[in-house]
Amino acid sequence: MTPPDILQTLRSGEIEVLGRMPYSSNATFLVQVTHDGSSTQAIYKPLRGERPLWDFPAGLFKREIAAYIVSEALEIHAVPPTVECDGPLGRGSLQLFIEARFEEHYFTLFESQDHLHDQFRHIAVLDIVANNTDRKSGHCLIDAEDRIWAIDNGLCFAEQFKLRTVIWEFGGEEIPQPLLQRITAFSDNPPVELDDLLSAAEIEAMVERSRLLVSGSHFPIDPSGSRYPWPMV
């Protein structure tokens, strides 16, 4: 299916739960979505399956959707198509399931395949702009076409800067100029769709992070060495 077809299927399709995904902090389900003769698998994260957190409000599924919107607006295209749905367990997010080589993750891919590094640079920028607090190595998936996908983006967009990621290998490098230009355009005109997903303060903080990234023009370095998620994979 083309990207518009995928989005249409996710938004309008009938959802059948196939099973629960293992090792997830919150209730996460593999589902089959069928619409107008098309069918695809997706990941369904309902609001009612979220565990309360002290540092994020309820509704992490909205941040999954916001991450997709930001990834598309920055022309990074690393987050699988993600929409809001009213599924079998109520409101939540529905994200295209990625058929990946699940034995691979950021650490194995970075060490063995240099041609993927530019994709990781783009994901690093996405995570800084989105203020990702939980970019684990296993959240970077590679598909059959060597495309890297960034999944599990619910812990993003906090107003307070709290970046935690495994992607620090590019620290100190200059950010490519075309990417800086896209970040500038994004900060000047953030997508209006975010207004229904994030608070005004969170959007303002995201714009400020984007502008600081452009003014610095380099990937940041973590002088503390502590801005890693746990577990790292």
Side-chain angles (χ1 to χ4, degrees), residues 24-28 43-47 49-85 91-96 106 120-136 138-140 149-168 175 179-180 182-216 219-220 222 226-230:
S24 298
S25 300
N26 297 316
T28 302
I43 296 296
Y44 170 44
K45 295 185 176 182
L47 170 63
E50 294 179 6
R51 293 190 307 169
L53 297 174
W54 67 268
D55 54 346
F56 281 91
L60 297 181
F61 76 91
K62 293 183 179 181
R63 297 169 192 272
E64 297 274 6
I65 301 166
Y68 169 68
I69 292 171
V70 171
S71 175
E72 293 301 292
L74 288 169
E75 299 179 39
I76 289 174
H77 309 302
V79 177
T82 312
V83 303
E84 183 170 351
C85 72
R91 291 174 60 227
S93 63
L94 198 60
Q95 182 175 92
L96 179 69
Y106 172 73
F120 285 129
R121 287 182 177 93
H122 283 70
I123 293 173
V125 164
L126 171 65
D127 287 344
I128 294 165
V129 171
N131 198 18
N132 195 327
T133 73
D134 194 38
R135 175 61 70 213
K136 294 183 173 70
H139 294 170
C140 296
W149 296 93
I151 65 165
D152 281 353
N153 301 291
L155 299 182
C156 290
F157 301 108
E159 182 181 354
Q160 178 187 4
F161 185 71
K162 53 172 67 181
L163 178 68
R164 289 196 295 270
T165 175
V166 296
I167 307 177
W168 289 107
I175 299 172
L179 186 50
L180 285 175
R182 301 205 300 268
I183 301 168
T184 298
F186 171 84
S187 63
D188 289 342
N189 188 28
V192 296
E193 298 95 326
L194 296 176
D195 293 347
D196 294 329
L197 301 169
L198 306 172
S199 71
E202 287 169 337
I203 294 173
E204 183 179 350
M206 178 186 63
V207 168
E208 180 64 17
R209 287 191 301 273
S210 302
R211 290 175 175 164
L212 287 173
L213 193 57
V214 171
S215 66
F219 287 98
D222 173 25
S226 62
R227 288 192 175 275
Y228 284 82
W230 188 261

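Count residues from 1 along the sequence.
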Does the side chain of Leu194 reach to within under 4.5 Å of the side chain of Val70, using non-hydrogen atoms?
yes

How close do Val79 and Ser71 get, heavy atom to heavy atom, and via which atoms?
N-OG, 3.5 Å

Is it the case that the side chain of Ser210 and the backbone of Ile183 share a donor-acceptor pair, with hydrogens and angles ignored and the cut-off at 3.5 Å?
no

Would you give the length of the straight line joining atom CZ of Arg209 to atom OG of Ser187, rounded to the nearest 0.5 angstrom?
12.0 Å

Measuring from atom CG of Leu213 to atom CG of Leu180, what distance do you get when rounded to the nearest 0.5 angstrom?
7.0 Å

The single option from Asn132, Asp152, Asp127, Asp134 passing side-chain hydrogen bond (donor to acceptor under 3.5 Å, both in side chains) against His139
Asp152

How many angstroms lie between NE2 in His122 and NE2 in His77, if you round to the nearest 0.5 Å?
9.0 Å

Passes side-chain contact (heavy atoms from CB on, under 4.5 Å), Leu155 versus Leu53? Steps please.
CA-CA 10 Å; Leu155 299 182; Leu53 297 174; 3.6 Å; yes

Measure the spacing between CD1 of Ile167 and OH of Tyr106 and express it to the nearest 0.5 Å.
5.5 Å

Nearest 0.5 angstrom please: Leu96 CG to Trp149 CH2, how far?
7.0 Å

For a side-chain contact (heavy atoms from CB on, under 4.5 Å) check, start with the C-alpha distance between Glu208 and Phe161, then their side-chain angles and the critical distance, and finish with the verdict.
CA-CA 11 Å; Glu208 180 64 17; Phe161 185 71; over 6 Å; no

If every non-hydrogen atom of Ile151 is compared with every non-hydrogen atom of Pro80, which pair is closest and at what distance?
CG2-CG, 4.0 Å

Donor-acceptor contact present, side-chain Glu84 to main-chain Lys62, <3.5 Å:
no

Could you tell me whether Asp222 and Arg164 have a side-chain N and a carboxylate O separated by less than 4.0 Å?
no

If we ignore hydrogens and angles and just use 3.5 Å, is the side chain of Arg135 paired with the main-chain N or O of Val166 as donor and acceptor?
no

Is there a side-chain contact between Arg63 and Glu202 (heavy atoms, below 4.5 Å)?
yes

Between Phe157 and Ala67, the two heavy atoms sitting closest are CE1-N, 3.6 Å

Looking only at non-hydrogen atoms, find the nearest pair between Gly59 and Glu50 and report the distance.
N-OE1, 2.9 Å

Would you confirm whether Thr133, through its side chain, and Cys156, through its main-chain N or O, come within 3.5 Å as a donor-acceptor pair?
no

Please report the C-alpha distance between Tyr68 and Glu72 in whole Å, then the side-chain angles of each, then the deciding distance to 0.1 Å, and finally whether the side-chain contact (heavy atoms from CB on, under 4.5 Å) criterion is met.
CA-CA 6 Å; Tyr68 169 68; Glu72 293 301 292; 3.5 Å; yes

Does a side-chain heavy-atom distance below 4.5 Å link Glu193 with Leu198?
no

Closest approach of Leu60 and Gly154, non-hydrogen atoms and distance?
CD2-O, 3.7 Å

Under the 3.5 angstrom rule, does the side chain of Trp168 hit a backbone N or O of Arg227 as a donor-acceptor pair?
yes

Value rounded to 0.5 Å, distance of CD1 in Ile43 from OG in Ser24
8.0 Å

Which heavy atom of Leu74 sits nearest a heavy atom of Arg182, and at what distance?
O-NE, 2.7 Å

Output, in order, the C-alpha distance, side-chain angles, deciding distance and verdict of side-chain contact (heavy atoms from CB on, under 4.5 Å) for Asn131 and Lys162.
CA-CA 6 Å; Asn131 198 18; Lys162 53 172 67 181; 4.0 Å; yes

